[in-house]
2 protein chains.
Amino acid sequence: MKDIRLSVIELLKEGNCTPRISKLAAKLHSHATTVHYNIKQLEKDGTVVAYKAVFDYKKIGEGFCSYVLINLTSDEYGDPERIARELAKHPSVESVDIITGEWEMLVKVRSQSIEQYYELARTLLSIKGIGRTHTLNSLKQLKTEFVPIK
Amino acid sequence: MKDIRLSVIELLKEGNCTPRISKLAAKLHSHATTVHYNIKQLEKDGTVVAYKAVFDYKKIGEGFCSYVLINLTSDEYGDPERIARELAKHPSVESVDIITGEWEMLVKVRSQSIEQYYELARTLLSIKGIGRTHTLNSLKQLKTEFVPIK
DNA sequence: GTTATTTTTTGAATATTATTCATAAAACTT
DNA sequence: AAGTTTTATGAATAATATTCAAAAAATAAC
């Protein structure tokens with residue numbers, strides 16, 4: 001893929017979009033200025049965190065999606081968030097949750113293929129404090145990020 | 001919350017945003033028309049599926065996040081996608097994946113509280129063909145939809 | 001390797017759309 | 001009910017996206 005497109009994709013993945021105020025106003029049979037005012041309020045009070053793009057991940061080399069369940073080693077139970085924040089930094093990581101049950105953490109990761117996932121997992125899961133892991137691979141995505149796929 | 005804000009949130013959750021071309025151009029030290037051209041290409045070939053907002057879900061009454069692992073009943077193994085599509089329709093469902101391993105499906109759901117999750121689960125998981133389920137509740141989100149939280 | 005063809009970039013002109021602002025209306029407070 | 005804050009509105013402006021024709025670059029064909 002072209003260099004500029006790759007950069008554009010990276011930027012759109014995390015933000016750099018904006019609401020279509022006049023289109024929203026039309027859909028809601030409301031005035032653009034009213035919608036504008038309310039959206040600015042939502043932004044100001046932190047309700048809206050970002051405006052971003054959702055992709056057909058197969059087309060951007062992230063078609064292979066995995067959910068990784070993680071157990072922490074006993075010495076890291078005190079501060080699971082340190083590891084979570086560490087994992088969250090990685091651009092291939094879509095989400096990080098600290099969860100209830102047998103596993104302490106659930107991380108959603110996107111990569112190109114099972115081979116690339118293996119490489120990624122080696123670096124990602126070698127963080128000190130990560131114990132046992134169990135990976136669930138997605139065979140098919142029907143919806144992501146509230147957006148239906150195809 | 002105000003009525004118009006609720007509607008705005010619903011619309012922004014699934015789309016109704018647009019890239020900030022001139023801001024992207026500035027960041028990339030490129031021309032707005034060049035960025036425009038390339039983004040239109042990405043839209044045309046289906047690389048970009050939607051432009052949407054990401055929220056502080058606590059603030060929109062969806063602070064309780066669950067991951068539901070699902071087993072299908074044996075008579076539905078032939079068409080797991082029917083059920084997946086059914087689940088994907090629901091606005092509280094953020095994602096639906098058909099996965100490898102002991103469970104056939106992983107569904108990410110957002111609701112207000114554990115009580116509301118119970119109500120939701122009752123309707124959602126009563127779909128014919130869904131067998132055993134196991135729910136992992138998120139205690140804390142560090143990242144969602146590629147966007148770091150707080 | 002040169003020519004032809006397609007794709008991408010560019011800058012100027014235009015069209016859209018967001019934003020600002022002053023005022024009015026509505027919703028809460030006391 | 002009077003005062004105060006929040007929200008809605010329309011007109012004016014600013015900012016931004018979009019269109020277009022032309023040039024440059026990249027790719028394919030010979």
Side-chain angles (χ1 to χ4, degrees), chain A residues 1-63 91 112 145-148 150, chain B residues 1-63 91 112 145-148 150:
Chain A
M1 187 161 310
K2 309 231 349 294
D3 185 53
I4 191 174
R5 284 190 199 168
L6 277 178
S7 319
V8 165
I9 287 167
E10 285 314 307
L11 290 170
L12 291 178
K13 198 190 273 183
E14 291 171 358
N16 297 291
C17 297
T18 190
R20 307 188 60 166
I21 291 175
S22 64
K23 290 283 153 57
L24 287 163
K27 284 196 182 189
L28 298 170
H29 306 292
S30 187
H31 294 247
T33 46
T34 303
V35 173
H36 179 266
Y37 172 79
N38 281 282
I39 286 180
K40 291 303 145 189
Q41 293 300 111
L42 290 172
E43 291 173 4
K44 213 178 295 175
D45 68 22
T47 302
V48 175
V49 175
Y51 302 104
K52 59 155 283 177
V54 175
F55 301 94
D56 181 339
Y57 292 98
K58 290 187 292 298
K59 295 210 170 123
I60 62 169
E62 299 190 356
Q112 186 147 44
E145 299 160 78
F146 291 107
V147 179
K150 270 212 284 305
Chain B
M1 189 164 306
K2 311 230 353 292
D3 185 53
I4 190 175
R5 285 191 199 169
L6 277 178
S7 318
V8 165
I9 287 166
E10 285 314 306
L11 290 170
L12 291 179
K13 199 190 274 182
E14 290 171 359
N16 296 290
C17 296
T18 190
R20 305 187 58 164
I21 291 174
S22 63
K23 290 285 153 59
L24 288 163
K27 284 194 182 189
L28 298 170
H29 307 291
S30 186
H31 293 245
T33 46
T34 303
V35 173
H36 179 267
Y37 172 79
N38 281 282
I39 286 180
K40 291 304 145 188
Q41 293 300 112
L42 290 172
E43 292 173 3
K44 213 180 293 173
D45 68 22
T47 302
V48 174
V49 174
Y51 301 104
K52 58 155 283 179
V54 175
F55 302 95
D56 180 339
Y57 292 98
K58 291 186 292 297
K59 296 211 170 122
I60 63 169
E62 298 189 356
Q112 187 149 44
E145 296 158 79
F146 291 107
V147 179
K150 269 212 283 301

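Proteins come first, then strands; the chains are lettered A, B, ... in the order of their sequence lines, and each starts at number 1. All values derive from a computational prediction rather than experimental measurement.
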Do the side chain of [X] and the main chain of [Y] share a donor and acceptor less than 3.5 angstrom apart?
| X | Y | result |
| --- | --- | --- |
| B/Asn38 | B/Thr34 | yes |
| B/Lys27 | A/Asn16 | no |
| B/Lys52 | A/Val147 | no |

Residue pair [X] / [Y], side-chain heavy-atom distance below 4.5 Å:
| X | Y | result |
| --- | --- | --- |
| A/Val48 | B/Phe55 | yes |
| B/His36 | B/Lys40 | yes |
| B/Tyr51 | A/Leu12 | yes |

Ignoring backbone atoms, test whether [X] places a side-chain nitrogen or oxygen under 4.0 Å from the OP1 or OP2 oxygen of [N].
| X | N | result |
| --- | --- | --- |
| B/Tyr37 | C/dT9 | no |
| A/Asn38 | D/dA8 | yes |
| A/Thr34 | D/dT9 | yes |

Drop me the distance from A/Lys23's NZ to A/Ile21's CD1, to the nearest 0.5 angstrom.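 Rounded to the nearest 0.5 Å, the NZ-CD1 separation comes out at 12.5 Å.
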Nearest atoms (heavy-atom pairs only) where A/Gly46 meets B/Asp56: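 Closest heavy-atom pair between A/Gly46 and B/Asp56: O-CB, 3.3 Å.
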Spacing between [X] atom [atom1] and [N] atom [atom2], to the nearest angstrom:
| X | N | atom1 | atom2 | answer |
| --- | --- | --- | --- | --- |
| A/Asp3 | C/dT8 | CG | P | 13 Å |
| B/Arg5 | D/dT7 | CZ | C1' | 8 Å |
| A/Asp45 | D/dT7 | CG | C1' | 14 Å |
| A/Lys44 | D/dT5 | NZ | C1' | 13 Å |
| A/His29 | D/dT9 | NE2 | P | 14 Å |
| B/Ile39 | C/dT8 | CD1 | C1' | 15 Å |
| A/Ile4 | D/dA25 | CD1 | P | 15 Å |

Polar atom pairs (N or O), protein with nucleotides 24-26 of chain C, under 3.5 Å:
none

Not counting sequence neighbours, which residues clear side-chain contact (heavy atoms from CB on, under 4.5 Å) with A/Thr18? List them please.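 Partners of A/Thr18 by the side-chain contact (heavy atoms from CB on, under 4.5 Å) criterion, ordered by chain and then number, come out as B/Thr18, B/Arg20.
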Between N or O atoms, less than 3.5 Å apart, protein on one side and nucleotides 17-21 of chain D on the other: list the pairs.
unit_1	atom_1	unit_2	atom_2	d
D/dA17	OP1	B/Ile21	N	2.6
D/dA17	OP2	B/Ser22	N	2.7
D/dA17	OP2	B/Ser22	OG	3.0
D/dT18	OP2	B/His36	NE2	3.1
D/dT18	O5'	B/His36	NE2	3.4

